[in-house]
Amino acid sequence: MSTPRQLTRAELAIDPIDAAKLLLGCVLEAGDVRVRLAEVEAYRGIDDPASHCYRGRTPRNEVMWGPAGHLYVYFVYGMHFCANVVSLTDGVAGAVLLRAGEVVAGLDVARSRRPAARSDAELAKGPARLTSVLGLDRGDNGVDLTDPASPVRLYAGDPVPPASILAGPRVGVAVAMEVPWRFWVDGSPAVSGYRRGGKRRVRTVR
DNA sequence: ATGAGGATCCTCT
DNA sequence: GAGGATCCTCATA
């Protein structure tokens, strides 16, 4: 396999829904580990109630408002990290959550980081598992994925035929269920299952 | 200063 | 399929 092409900031400075489809099949690299993305979710800015940016700019979501092609990492549930690729551009929030992928290099390291995985397909099957396999954490928040010198980089992969891209509601969110902004590669063993959003109180109208 | 609620995962049953 | 782990972030006061 020849040296893959690194993605550019300009090609990621698009609507997160388009960026999500573009990212499928692309490869994220950190250290010795490479993951080929199989499942992603688009999050928009202030018009998306499920987005971290829905209520405006805060210290946590700062990176999402910045330039495209940077990594937005956040901490959830007191123990996990999730990673996003920032899309759109300065001043307009948008990002794509990296939900799952297939480990295509660094299998031994990946396995050692995920002792609970029962198969290689499970290594990066889920957003927190994906960050875990790549060794990403708080310190990687904001890194430029389009810079060859960055510790985490994003490369183009074999293109995914549009017919192989499926869409559905986002996982684990209890609002905006009607928008099919989760995209995945049909048939990929790494795609995580759908799970409805938890306990959001449904306000009873009277 | 406080408290509620997570873009999850793992271990059981 | 349910429940717990675990702590950060933000809104409210």
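Below, read A as the first sequence line, B as the second, and so on, with proteins coming before strands; counting in each chain starts at 1.
- Residues A:Val152 and A:Val143 form a side-chain contact, since some pair of their non-hydrogen atoms from C-beta on lies under 4.5 Å apart.
- The 12-atom threshold is not exceeded at CZ of A:Arg118, counting heavy atoms of other residues, nucleotides or ligands nearer than 6.0 Å.
- In A:Tyr54, the OH atom is not crowded: 12 or fewer heavy atoms of neighbouring residues, nucleotides or ligands sit closer than 6.0 Å.
- Ring pair A:His52/A:Tyr74: centre-to-centre distance below 6.0 Å.
- Within 6.0 Å of CG on A:Asp137 lie more than 12 heavy atoms contributed by other residues, nucleotides or ligands.
- In 5' to 3' order, the nucleotides of DNA chain C bounding all contacts with chain A (an atom under 4.0 Å from a heavy atom) are C:dA5 to C:dA11.
- Minimum heavy-atom separation, A:Val133 to A:Arg114: CG2-CG, 3.5 Å.
- Among the atoms of the strands shown, only primed sugar atoms or phosphate atoms (P, OP1, OP2) are found under 4.0 Å from some heavy atom of A:Arg60.
- As judged by a 4.0 angstrom heavy-atom cut-off over every strand, A:Phe75 is placed among residues touching the sugar-phosphate backbone only.
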Extract from the structure each pairing of a protein N or O with an N or O of nucleotides 10-13 of chain B at less than 3.5 Å, listing the distance.
from, atom 1, to, atom 2, distance (Å)
B:dC10, OP1, A:Arg114, NH2, 2.3
B:dC10, OP2, A:Arg129, NE, 3.0
B:dC10, OP2, A:Arg129, NH2, 2.5

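- For the pair A:Ala190 and A:Ala100, the tightest heavy-atom approach, listed with the atom from each and the gap, is O-CB, 3.2 Å.
- In this model, a donor atom of one side chain and an acceptor atom of the other lie less than 3.5 Å apart for A:Glu11 and A:Thr8.
- Smallest separation of non-hydrogen atoms from A:Asp48 and A:Arg170: OD2-NH1, 2.8 Å.
- A:Ser150 contributes a side-chain N or O that, together with a main-chain N or O of A:Asp144, makes up a donor-acceptor pair within less than 3.5 Å.
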Parsed dot-bracket for DNA chain B after applying the Watson-Crick and G-U rules with both distances under 3.5 Å and | for other-strand partners is ||||||.|||||.

